[in-house]
A.B. asks: 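Quick one: structure below, then a few questions.
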Amino acid sequence: MIDIRLVRDDLESVRDALGRRGVDPKEVDRLAAMDAEARAAVGRRDDVRAEVKALSRQVGEARRSGDTARAEDLAARSRAIGDEERSLNVAAEEAQDEVRQTLLLLPNLPGTDTPDGVGPEDNVVARSWPDTDMEYTEAQRVPHWEVGSELGLLDMERGAKLSGSMFPLYRGFGARLLRALTSFALDSHADEFEEVRPPTMVLTETMVSTGHLPKFEEDAYHLERDDLWAIPTAEVPLTSMWRGDVLDEADLPLRLTAATACFRREAGAAGRDTRGLLRVHEFDKVELFAYATPDQAPALLDSMVARAERMLQDLGLQYRVLDLCAADMGISASRTFDLEVYSPGVDMWLEVSSVSWCTDYQARRANIRYRPTAGGPPAFVHTLNGSALAWARIWAAIVETGRRADGSVVLPEVLSPYLRGETVIPAAG
RNA sequence: GGAGGCGUCGCCUAGCCCGGUUUAUGGCGCCCGCCUGCUAAGCGGGUUUGGGUUAAUCCCCAUCGCGAGUUCAAAUCUCGCCGCCUCCGCCA
């Protein structure tokens with residue numbers, strides 16, 4: 001969440017910044033008023049509480065000196081004030097809770113470099129690779145679900161039989177391709193990122209820390225019996241690894257990579273991009289994550305985007321980098337770059353990575369701080385996350401891009417070590 | 001799932017039975033100062049983290065795993081939960 005002090009000290013700039021994200025300025029004004037009221041209520045409560053405590057101390061002193069009558073009198077007075085304290089306390093807590101609930105629903109402030117805009121159409125294409133568009137043959141113009149079923153790689157029907165639609169089931173070479181991609185990705189980040197295998201089901205608090213709750217409850221799978229949530233991305237558990245902790249600045253940046261399944265209900269996307277692997281409820285993804293100081297964050301953002309891009313280049317997939325406009329970013333982000341690969345069979349740009357700098361927005365929700373080497377009080381860390389990469393759509397792009405006239409599919413050479421050297425999926429015979 | 005033990009200010013630790021002179025004891029570490037040819041030792045002071053208030057100091061509130069309760073008053077009593085350890089049961 002954003003720093004409430006910013007709302008107090010510079011209401012105008014918060015109004016402007018959140019306005020760029022489509023937040024009604026009146027909402028910000030309302031927050032400022034609630035905050036002022038909450039502080040006043042807490043002050044009233046604390047004053048009365050101080051009185052109760054002072055009287056209670058005097059009761060003890062009177063008791064010790066044997067003045068029972070005086071002790072009883074003081075206790076009675078304290079009792080009377082206690083009733084007032086209780087009602088003031090309820091009011092104070094309600095007022096504070098109201099501020100927090102409002103704060104939890106407000107998005108992060110967009111960065112100064114973040115492009116303006118009102119929707120996806122205002123995202124800026126920062127760059128493309130390769131410099132000139134790739135050429136595609138007729139053989140590559142076959143959608144992956146056709147290639148997948150023809151070669152026995154993907155069985156959406158049986159997936160649906162087990163779990164309902166949009167739960168893919170990969171077979172044979174198709175399943176091996178996924179495993180190869182995960183190994184390839186983890187190995188290529190091992191130089192700087194510690195590999196982690198976190199749980200895929202998490203507590204409510206863990207989901208709140210990243211910003212996925214309370215606002216986007218409808219998008220997540222929830223196990224009611226145990227009150228656990230299926231993670232929509234490894235960003236969720238990784239953010240909470242140091243929740244509530246104070247790190248040493250010397251340990252920053254702290255870089256992690258994790259391969260997990262990701263679960264998304266896609267509640268708001270009914271009927272959109274439903275074919276094949278374009279949009280699925282469960283997919284595997286390798287995530288990059290970092291805790292950093294504010295100074296380290298910008299360079300880390302660039303390096304994480306560069307890593308994701310490097311993988312796409314290694315895989316030989318055409319892509320473009322989108323600099324997301326203020327209105328299209330996720331709730332926690334202040335700056336986001338999306339990577340989209342061009343997939344010739346479906347003739348679409350597919351989002352396969354989203355790299356975000358969340359400044360201290362998530363750290364404040366999760367209360368993750370670091371102790372500055374130079375001294376001074378602990379400060380909130382900055383968190384960054386990015387996919388490198390999301391496999392379902394990468395799988396689609398690889399299978400479509402690699403398809404040859406004879407129906408076989410050539411896989412990227414970089415995966416060879418992970419495929420026992422078998423980089424060609426033979427044509428159906 | 002069952003039985004028992006434990007969770008205190010960076011680390012260790014006292015306090016809990018028997019609620020109130022506790023602003024939570026002491027040690028280690030760390031910071032500042034004194035002393036000193038230098039270092040060590042010694043001496044004095046400081047050292048949880050939030051919030052409120054203030055020009056700043058002061059002061060006030062919260063914080064002894066988390067939450068609720070009892071009480072004029074809770075680290076201390078009661079209940080619930082979480083985590084760790086030991087043993088048992090079950091189990092890949």
Side-chain angles (χ1 to χ4, degrees), chain A residues 1-9 31-104 197-209 223-229 237 240-252 254 360-381:
Chain A
M1 52 195 153
I2 62 170
D3 188 351
I4 187 67
R5 258 172 298 210
L6 230 49
V7 175
R8 286 174 205 161
D9 300 341
L31 173 64
M34 285 191 301
D35 172 54
E37 170 49 32
R39 270 187 297 162
V42 167
R44 286 191 291 271
R45 189 266 318 268
D46 284 354
D47 286 347
V48 172
R49 193 172 270 181
E51 246 184 289
V52 170
K53 287 182 63 167
L55 283 168
S56 294
R57 267 193 297 272
Q58 291 174 41
V59 172
E61 285 163 23
R63 273 272 175 74
R64 269 192 302 283
S65 65
D67 192 344
T68 314
R70 183 174 147 75
E72 277 312 312
D73 179 50
L74 286 166
R77 277 167 59 193
S78 184
R79 235 190 323 268
I81 301 173
D83 290 336
E84 191 187 352
E85 191 271 344
R86 262 183 293 281
S87 66
L88 286 175
N89 183 41
V90 169
E93 284 183 350
E94 278 174 359
Q96 282 183 308
D97 195 53
E98 202 182 353
V99 171
R100 184 177 164 77
Q101 290 313 316
T102 304
L103 229 34
L104 282 176
R197 181 40 255 244
T200 31
M201 309 234 289
V202 298
L203 303 171
T204 297
E205 200 182 346
T206 304
M207 289 284 279
V208 170
S209 292
L223 275 70
E224 195 159 348
R225 187 183 176 93
D226 298 289
D227 196 15
L228 287 169
W229 302 80
S240 281
M241 275 180 74
W242 279 275
R243 186 175 69 217
D245 290 342
V246 181
L247 301 163
D248 282 328
E249 182 175 347
D251 295 331
L252 301 176
L254 188 49
D360 58 3
Y361 182 90
Q362 293 177 325
R364 187 168 278 113
R365 291 171 90 109
N367 192 25
I368 308 163
R369 294 169 297 167
Y370 71 97
R371 202 173 293 282
T373 312
F380 288 111
V381 300

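Convention: sequence-line order gives letters A, B, ...; per-chain numbering from 1.
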A.B. asks: Using atom P of each nucleotide, how far apart are B:rC11 and B:rU49 to the nearest Å?
C.D. replies: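 Looking at atom P only, B:rC11 and B:rU49 are 12 Å apart.
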
A.B. asks: According to the Watson-Crick and G-U wobble definitions, with both distances under 3.5 Å, which nucleotide is paired to B:rG42?
C.D. replies: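 The answer is B:rC34, by the H-bond criterion.
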
A.B. asks: Figure out the CZ/P separation between A:Arg371 and B:rC30, and round it to whole Å.
C.D. replies: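 Those two atoms, CZ and P, are 15 Å apart.
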
A.B. asks: B:rU78 and B:rU21: how far apart are their C1' atoms, nearest whole angstrom?
C.D. replies: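 B:rU78 and B:rU21 have their C1' atoms separated by 27 Å.
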
A.B. asks: Who is the Watson-Crick or G-U wobble partner of B:rC16, with both distances under 3.5 Å?
C.D. replies: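 Base-paired to nothing in any strand shown.
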
A.B. asks: Tell me the closest heavy-atom pair linking A:Val246 and A:Pro378, and the distance in Å.
C.D. replies: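 Scanning both residues, the minimum pair turns out to be CG1-CB, 4.2 Å.
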
A.B. asks: For A:Tyr370 versus A:Phe380, what's the shortest heavy-atom pair and its separation?
C.D. replies: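 Between these two residues, the closest heavy atoms are CE2-O, 3.6 Å.
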
A.B. asks: Would you measure the distance from the P atom in B:rC9 across to the matching atom in B:rC64 and give it in whole Å?
C.D. replies: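 Approximately 10 Å lies between the P atom of B:rC9 and that of B:rC64.
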
A.B. asks: Can you tell me the base-pairing partner of B:rC81? Count Watson-Crick or G-U wobble geometry only, both distances below 3.5 Å, and say none if there is no partner.
C.D. replies: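 Its partner is B:rG65 (Watson-Crick or G-U wobble, both distances under 3.5 Å).
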
A.B. asks: Both distances below 3.5 Å, Watson-Crick or wobble geometry, any strand: find the nucleotide opposite B:rU21.
C.D. replies: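 Its partner is none (no Watson-Crick or G-U wobble pair with both distances under 3.5 Å).
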
A.B. asks: Let's test this: given Watson-Crick or G-U wobble pairing with both distances under 3.5 Å, identify the partner of B:rG1.
C.D. replies: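 Checking every strand shown, B:rG1 finds its partner in B:rC88, with both distances under 3.5 Å.
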
A.B. asks: Looking at A:Arg63 and A:Thr68, would you say the former's side chain and the latter's main chain have a donor-acceptor pair under 3.5 Å?
C.D. replies: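 No, the answer is negative, given that no donor and acceptor are paired below the 3.5 Å cut-off.
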
A.B. asks: Work out how far the P atom of B:rA68 is from that of B:rG10, and round it to whole angstrom.
C.D. replies: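 Rounded to whole Å, the distance is 23 Å.
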
A.B. asks: Between B:rC72, B:rG50, B:rU53, which nucleotide gets closest to the side-chain atoms of A:Pro378?
C.D. replies: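 For A:Pro378, the side-chain atoms sit closest to B:rG50.
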
A.B. asks: What is the separation between atom OH on A:Tyr370 and atom P on B:rU49, rounded to the nearest whole Å?
C.D. replies: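 About 15 Å, once rounded to whole Å.
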
A.B. asks: So what's B:rC28 paired with, Watson-Crick or G-U wobble, going by both distances under 3.5 Å?
C.D. replies: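 Answer to the pairing question: B:rG10, which forms a Watson-Crick or G-U pair with B:rC28.
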
A.B. asks: Is A:Arg5 paired with A:Asp9 through a side-chain N to carboxylate O contact shorter than 4.0 Å?
C.D. replies: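 No.
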
A.B. asks: Would you mind classifying the nucleic acid contact of A:Arg70 as base, sugar-phosphate or nothing, using non-hydrogen atoms under 4.0 angstrom?
C.D. replies: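 Nothing, no nucleic acid heavy atom in range.
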
A.B. asks: Could you tell me how far B:rU36 sits from B:rG51 if I compare only their P atoms? Round to whole Å.
C.D. replies: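 Looking at atom P only, B:rG51 and B:rU36 are 44 Å apart.
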
A.B. asks: When you compare B:rU23 with B:rC34, how far apart are their C1' atoms, in angstrom units rounded to a whole number?
C.D. replies: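 Result for the C1' pair: 27 Å, nearest Å.
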
A.B. asks: Identify, between A:Val42 and A:Asp46, the residue whose nearest nucleotide on RNA chain B lies closer to the 5' end.
C.D. replies: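 Looking at the nearest nucleotide for each, A:Val42 comes out on the 5' side.
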
A.B. asks: A:Leu88 has an atom CG; how far is it from atom C1' of B:rG52, in whole Å?
C.D. replies: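 About 15 Å, once rounded to whole Å.
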
A.B. asks: What are the two closest heavy atoms between A:Ser56 and A:Ser78, and how far apart are they?
C.D. replies: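 Result for this residue pair: OG-OG, 3.8 Å.
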
A.B. asks: Side-chain contact, heavy-atom cut-off 4.5 Å: A:Val7 with A:Asp35?
C.D. replies: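 Result no, sub-4.5 Å side-chain heavy-atom pair not found.
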
A.B. asks: Give A:Arg369 one of three labels, base, sugar-phosphate or nothing, depending on what nucleic acid heavy atoms sit under 4.0 Å from its own.
C.D. replies: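 Result for A:Arg369 = sugar-phosphate.
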
A.B. asks: Quick one: what's the B/S/- string for nucleotides 15-23 of chain B, heavy-atom cutoff under 4.0 Å, read 5' to 3'?
C.D. replies: -----BS--

A.B. asks: Which whole-number value in Å describes the distance from A:Asp245 CG to B:rG65 C1'?
C.D. replies: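 To the nearest whole Å, that distance equals 13 Å.
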
A.B. asks: Using purine N1 to pyrimidine N3 plus N6-O4 or O6-N4 for Watson-Crick, or N1-O2 and O6-N3 for G-U wobble, both under 3.5 Å, which nucleotide pairs with B:rC59?
C.D. replies: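 Base-paired to B:rG52.
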
A.B. asks: Determine the Euclidean distance between corresponding P atoms of B:rU48 and B:rC31; express it in Å to zero decimal places.
C.D. replies: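 Pairwise P distance, B:rC31 against B:rU48, rounds to 16 Å.
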
A.B. asks: Take A:Gly43 and A:Leu74, find for each the nucleotide of RNA chain B with the closest heavy atom, and name the residue whose nucleotide sits nearer the 5' end.
C.D. replies: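 Its nucleotide being nearer the 5' end, the pick is A:Gly43.
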
A.B. asks: Are any non-hydrogen side-chain atoms of A:Asn367 and A:Arg369 less than 4.5 angstrom apart?
C.D. replies: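 Of all side-chain heavy-atom pairs linking A:Arg369 with A:Asn367, at least one is under 4.5 Å.
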
A.B. asks: Taking only the C1' atom of each, what is the distance from B:rG44 to B:rC35 in whole angstrom?
C.D. replies: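 Result for the C1' pair: 11 Å, nearest Å.
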
A.B. asks: What is the distance, to the nearest angstrom, from the CZ atom on A:Arg49 to the P atom on B:rA73?
C.D. replies: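 That distance rounds to 11 Å.
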
A.B. asks: Please tell me if A:Arg5 has a side-chain N or O lying less than 4.0 Å from either OP1 or OP2 of B:rG50.
C.D. replies: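 No, outside the criterion.
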
A.B. asks: What I'd like to find out is whether the side chain of A:Met1 reaches to under 4.5 Å of the side chain of A:Gln362, using heavy atoms alone.
C.D. replies: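 Not touching, per the 4.5 Å side-chain cut-off.
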
A.B. asks: Using whole Å, report how far NZ of A:Lys53 lies from C1' of B:rC60.
C.D. replies: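 Those two atoms, NZ and C1', are 9 Å apart.
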
A.B. asks: Rounded to whole angstrom units, what separation is found between the CZ atom of A:Arg243 and the P atom of B:rG65?
C.D. replies: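 Interatomic distance, CZ of A:Arg243 to P of B:rG65: 18 Å.
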
A.B. asks: In whole Å, what is the span from the CD atom of A:Glu84 to the C1' atom of B:rC61?
C.D. replies: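 My rounded result for the distance is 16 Å.
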
A.B. asks: Taking A:Glu85 for its side chain and A:Val48 for its backbone only, find out whether a donor-acceptor pair lies under 3.5 Å.
C.D. replies: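 Answer holds: no.
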
